[in-house]
Amino acid sequence: MVRADAGRPRRRGDQGGAAAGGGRYPQLWPPFLKGADGADLGAAYFHATNRGKRSVAIDFETAEGQAAIRALVLRSDVLIENFKVGGLKKHGLDFESLKALNPRLVYCSIPGFGQDGPYAPRAGYDFLVQGMGGIMDLTGEPEGEPQKVGVAFADIFTGLYATVGILAALRRREATGEGGHVDMALLDTQVSVLANQAMNYLASARAPKRMGNAHPNIVPYQVFPCADGYFIAAVGNDGQFARFCAVLGAPELAQEADFSTNPERVAHRAALVPQLSALTAAFRRDDLLAALEKQGVPAGPINTVPQVFEDPHVIHRGLKVNLPEAGSGTVPAVASPIVLDGERQVAKSASPRLGADTQKVLAALKRTLPYR
């Protein structure tokens, strides 16, 4: 696989898609890591996105660099790039140019706004796309300002959908013998993952609004107060609601006509939620969670990030790992969520030092596919 942004310092305005991945920008964002040998390993952000890779730094604005990329393409199945539309064509590294070189190549472009349309020339950034794509207008308290999601939501989802598109193109190649161009866009992805909120609007012509931690289609499905903090109740059906009320000491609530079914609870949300909040506030959180779990009512805590990695289930599932690093030390990392035939999928190494594999890879190319 070739990633056409890896390692090359960019001038401002070069970037056209996700702000994570190769290149120098993520290396400038603290916090930073040190290797066992004292070497600067760069930013944690860089290590969140590049584990298990090799790093080859090539300046493809030079003829030699362009030749090296073409040599890599000849022996590659997939190329991923996230430059502004047209940014690679002047270097002969666009899809049409490289398809002529390797017709089996799957070429995936991930700019902010796709290969066509009025916004195609713009640089795209996750934060801007969250605003443009509607998710911020749905996130936050009703009377507060719109909020972005706490991680790079559009970036991450676009990467996941890009993986699906690449795999589909590879599968099609098995039948046709030809690769193809996967045209991804941050904005396309953000709109597509509006999910039920998009359908709520398309079905009703009413714009959904920010509801804080409440759910537009289910009640009670939100954060509630306890005597010592907050917890989440995710009551998904009428039977769970009856058991929820019983644990709270108010079984009669589930029998009231206005609250007996979910559609009624949604319609009478404003009357029900304050009553439930007054009841939950009398309990200590862990006591209430234990009682709800015993009765099969979905509920849970709101963990900090440190508490996530201290959680016994997270520990048991092996989601925190230490990956070997070139300096004979290790770098902490999060494992893949994929478990295949009982085996957790984990990168074999930490993120590479920038450009660490350049000489080895280019030397191999010269031996097998001379490119000068």
Side-chain angles (χ1 to χ4, degrees), residues 1-29 39-43 45-47 49-112 115 120-121 123-124 159 162 166 169 179-184 326 349 351-372:
M1 177 183 290
V2 178
R3 182 183 172 101
D5 68 353
R8 187 179 73 87
R10 297 193 183 99
R11 289 189 289 270
R12 186 175 300 276
D14 279 350
Q15 183 145 319
R24 292 198 181 275
Y25 286 169
Q27 291 280 25
L28 303 178
W29 301 332
D40 180 7
L41 300 184
Y45 204 121
F46 180 84
H47 288 274
T49 57
N50 290 296
R51 55 191 178 272
K53 299 179 184 178
R54 290 187 293 173
S55 176
V56 178
I58 296 173
D59 184 354
F60 55 69
E61 291 185 345
T62 67
E64 183 177 10
Q66 292 162 19
I69 292 291
R70 293 189 186 98
L72 283 168
V73 164
L74 281 170
R75 57 191 295 172
S76 296
D77 293 297
V78 179
L79 182 147
I80 302 172
E81 60 90 5
N82 72 332
F83 281 82
K84 292 169 66 175
V85 173
L88 294 174
K89 187 171 185 178
K90 61 185 177 183
H91 303 300
L93 301 176
D94 57 302
F95 170 63
E96 293 298 333
S97 298
L98 297 183
K99 176 185 176 182
L101 186 66
N102 178 4
R104 291 176 58 82
L105 181 70
V106 173
Y107 188 112
C108 180
S109 299
I110 316 180
Q115 297 300 299
I166 289 167
H181 190 189
V182 181
D183 174 12
M184 297 301 304
S349 64
S351 300
R353 302 186 186 196
L354 196 62
D357 303 289
T358 303
Q359 296 305 316
K360 182 177 180 180
V361 171
L362 295 187
L365 286 176
K366 287 180 180 179
R367 288 195 301 271
T368 60
L369 291 169
Y371 61 87
R372 294 197 60 168

Problem set entry | Trace of the side-chain contact (heavy atoms from CB on, under 4.5 Å) decision for Leu88 with Leu98 | CA-CA 11 Å; Leu88 294 174; Leu98 297 183; over 6 Å; no
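- Residues Ala162 and Ile110 come closest through the heavy atom pair CB-CD1, 3.8 Å.
- To the nearest 0.5 Å, the span separating CZ on Arg54 from OG on Ser349 amounts to 10.5 Å.
- The closest side-chain heavy-atom distance from Leu93 to Phe83 is not below 4.5 Å.
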Exercise. Going through the checks in order, is the side-chain contact (heavy atoms from CB on, under 4.5 Å) test met by Arg75 and Leu365?
Worked result: CA-CA 9 Å; Arg75 57 191 295 172; Leu365 286 176; 3.5 Å; yes
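- The two atoms that bring Tyr107 and Asp94 nearest to each other are OH-CA, 3.4 Å, heavy atoms only.
- Separating the CG atom in Asn82 from the NZ atom in Lys84 is a distance of 12.5 Å, to the nearest 0.5 Å.
- Between Arg353 and Leu41 the shortest side-chain heavy-atom distance falls below 4.5 Å.
- Scanning both residues, Asn102 and Leu74, for their nearest heavy atoms gives ND2-O, 4.2 Å.
- Checked by atom type and distance alone, the side chain of Lys53 pairs as donor or acceptor with a backbone atom of Thr49 at under 3.5 Å.
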Exercise. What do the steps show when you test Ile58 against Leu362 for side-chain contact (heavy atoms from CB on, under 4.5 Å), and what is the final call?
Worked result: CA-CA 10 Å; Ile58 296 173; Leu362 295 187; 4.2 Å; yes
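- Looking at residues two or more places apart in sequence or on another chain, you find a side-chain hydrogen bond (donor to acceptor under 3.5 Å, both in side chains) between His181 and Ser109.
- Val78 is not listed as a side-chain neighbour of Val182, based on a closest heavy-atom distance of 4.5 Å or more.
- Smallest separation of non-hydrogen atoms from Ser55 and Pro352: CB-CG, 3.5 Å.
- Scanning both residues, His91 and Glu61, for their nearest heavy atoms gives CE1-CG, 3.6 Å.
- Of the inter-residue distances, the one linking Asp183 atom CG with Gln115 atom CD reads 4.5 Å to the nearest 0.5 angstrom.
- Pairing each heavy atom of Thr358 with each of Ala57, the nearest pair is OG1-N, 2.8 Å.
- Under the 3.5 Å distance criterion, the side-chain polar atoms of Asn50 are left unmatched by any main-chain donor or acceptor of Ser351.
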